[in-house]
Amino acid sequence: MPELPEVETVRMGLEALLPGRVFKHVAHNNEKSFPNAETDVAAFLIGATVERVKRRAKVLLVELSSAYSLVIHLKMTGQLVFVSPEARFGAGHPNDSLVGELPDRSTRVTFTFADDSRLFFNDQRKFGWVRLIPTTEVPNIDFMRKVGPEPLDPTFTAEDFFERLQRRKNTSIKAALLDQSVIAGVGNIYADESLWGAKIHPATVVHTVSKQKIRTLFDELQYVLKLAIEKGGSSDKNYVNAEGKKGSYLSFARVFRREGLACPRCNTTIEKLRVAGRGTHICPHCQKLR
DNA sequence: CACTTGACCTGTCCGC
DNA sequence: TGCGGACAGGTCAAGT
């Protein structure tokens with residue numbers, strides 16, 4: 001599920017809720033969801049205070065007073081939902097939430113704070129993970145060493161984007177966009193949405209796309225990512241923010257999950273195909289191959 | 001090295 | 001209604 005806008009939405013929610021809280025207890029029921037937890041939890045998590053919550057690519061970084069960080073990847077179906085002691089349910093109106101009473105059967109890790117508020121890491125498919133790592137070591141983990149620039153970093157330019165895409169010059173533009181070492185944070189939804197915006201067919205080979213087209217793609221990518229953050233991300237089956245609420249971007253989507261509906265630009269029927277091994281949505285009139 | 005495919009898991013939906 | 005297969009927002013490892 002979560003791509004950059006969803007993870008950023010969770011980050012903002014947690015940044016408003018967690019700093020100052022002290023960890024009292026942690027329980028997990030799946031070794032892969034929190035590997036090697038026992039060794040360091042007692043020493044560096046219990047009793048530690050949350051200082052701030054950061055994000056890099058699709059990874060959340062919860063920095064602690066112990067000089068350790070909780071590093072969290074939600075992968076496809078991960079959720080981080082905060083519940084205050086007085087709330088019996090994930091906060092929010094029932095119609096706005098995908099979360100019932102917690103913990104539930106997808107809860108993998110439960111963090112309890114000194115004030116009895118709790119943070120639940122739910123993950124239906126068990127692909128996501130939480131790790132406890134010294135904060136100074138975070139930049140050295142494999143993922144961080146290879147991940148590309150943040151697409152919304154003001155110092156990142158269309159020229160940089162063009163150059164980095166050439167690392168994957170013989171693959172499809174969609175595969176290159178999804179490659180986290182080229183650019184951070186883009187996943188299936190925003191790849192399709194930005195390619196539609198730039199009128200590029202997702203299967204187009206990277207080195208055949210003009211620099212001008214890549215500039216347009218750069219602008220469209222920034223546009224959809226910013227809009228999605230504004231809308232609280234995209235929710236289909238699983239994604240919710242730190243308060244258990246859904247995001248609304250999908251009601252603004254132009255092609256993603258809109259096969260059979262009209263292209264908002266030219267009215268042609270949107271099609272679904274498979275590119276880079278992923279379900280891919282295009283307007284066959286606006287996005288022609290070659 | 002560059003590129004593609006399958007694996008990791010659980011749940012849901014669709015066609016027979 | 002039941003059952004098998006395909007598919008789902010992301011990365012890895014292993015294959016060519």
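Chain letters run A, B, ... following the sequence lines, proteins first, then strands; residues in each count from 1.
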Check every strand shown and say whether A/Lys237 touches a base, only sugar-phosphate, or nothing at a heavy-atom separation below 4.0 Å. base
Distance between the C1' atoms of B/dC3 and C/dG9, in whole angstroms? 23 Å
B/dG6 and C/dA6: how far apart are their P atoms, nearest whole angstrom? 12 Å
Has A/Arg108 got a side-chain N or O lying under 4.0 Å from the OP1 or OP2 atom of B/dT10? no
Working for side-chain contact (heavy atoms from CB on, under 4.5 Å), residues A/Arg108 and A/Lys32: CA-CA 9 Å; A/Arg108 309 299 173 199; A/Lys32 285 187 172 174; over 6 Å; no
Whole-Å distance, A/Lys246 NZ to C/dG9 P, equals 17 Å
If I take atom OH in residue A/Tyr190 and atom P in nucleotide C/dG10, what distance separates them, rounded to the nearest angstrom? 10 Å
Would you mind reading off the distance between A/Leu74 atom CG and B/dT10 atom P, rounded to a whole angstrom? 18 Å
Atom CD of A/Glu193 and atom C1' of C/dG9: how far apart are they, to the nearest Å? 13 Å
Between P on C/dG9 and NZ on A/Lys272, what's the gap in Å once rounded to a whole number? 7 Å
Now, which nucleotide makes the Watson-Crick or G-U wobble pair with C/dG9, with each of the two distances under 3.5 Å? none
Can you tell me if A/Gln166 uses its side chain to pair, donor with acceptor, with the backbone of A/Phe162 under 3.5 Å? yes
Is any side-chain N of the basic residue among A/Glu15 and A/Lys54 closer than 4.0 Å to the acidic one's carboxylate O? no
Gap between atoms CZ and P, on A/Phe121 and B/dC9 respectively (whole Å): 14 Å
Contact nearer the 5' end of DNA chain B, comparing A/Phe127 with A/Ser172: A/Ser172
Where each residue is assigned the nucleotide of DNA chain B containing its nearest heavy atom, which of A/Lys169 and A/Arg105 is assigned the position nearer the 5′ end? A/Lys169
Does any donor-acceptor pair link the side chain of A/Arg125 with the base of C/dA8 at a separation under 3.5 Å? yes
Counting any heavy atom closer than 4.0 Å, what does A/Gly279 reach on the DNA or RNA strands: base, sugar-phosphate only, or nothing? sugar-phosphate
Would A/Asp236 and A/Arg257 pass as an ion pair if we require N to O under 4.0 Å? yes
I need a per-nucleotide contact map over nucleotides 11-16 of chain C, read 5' to 3'. Cutoff is protein heavy atoms under 4.0 Å; write B for the base, S for backbone only, - otherwise. SS----
Quote, to the nearest angstrom, the P distance that separates B/dG11 from C/dT1. 22 Å
Is the phosphate of B/dT4, meaning OP1 or OP2, less than 4.0 Å from a side-chain N or O of A/Thr171? yes
Per A/Asn188 side chain, nearest of listed nucleotides B/dC9, C/dG9, B/dC3: C/dG9
Counting heavy atoms from C-beta on, name the nucleotide in B/dT10, B/dT4, C/dG9 closest to the side chain of A/Asp236. C/dG9
Report yes or no: is the ring centroid of A/Tyr239 under 5.5 Å from the six-membered base ring centroid of C/dG9, with the two planes under 30 degrees? no
Does the pair A/Arg168/A/Asp179 count as a salt bridge with the N-to-O cut at 4.0 Å? yes
For the pair made of CG in A/Asp123 and P in B/dT10, what is the distance, rounded to whole Å? 10 Å
Run the salt-bridge test on A/Asp115 and A/Lys24 with the 4.0 Å N-O cut-off and return the result as yes or no. no
Give a yes/no on whether any side-chain N or O of A/Asn170 is located under 4.0 angstrom from OP1 or OP2 of B/dC3. yes
So for atom NZ, which belongs to A/Lys199, do other residues, nucleotides or ligands contribute more than 12 heavy atoms lying within a distance under 6.0 Å? no
Base-pairing mate for B/dC9 - Watson-Crick or G-U, with both contacts under 3.5 Å: none
What is the distance, to the nearest angstrom, from the CD atom on A/Glu3 to the P atom on C/dA8? 13 Å
Looking at A/Ser248 and A/Lys231, would you say the former's side chain and the latter's main chain have a donor-acceptor pair under 3.5 Å? yes
Apply the side chain to side chain donor-acceptor pair (under 3.5 Å) test between A/Tyr249 and each candidate in A/Glu193, A/Glu230, A/Glu6; give the one that qualifies. A/Glu193
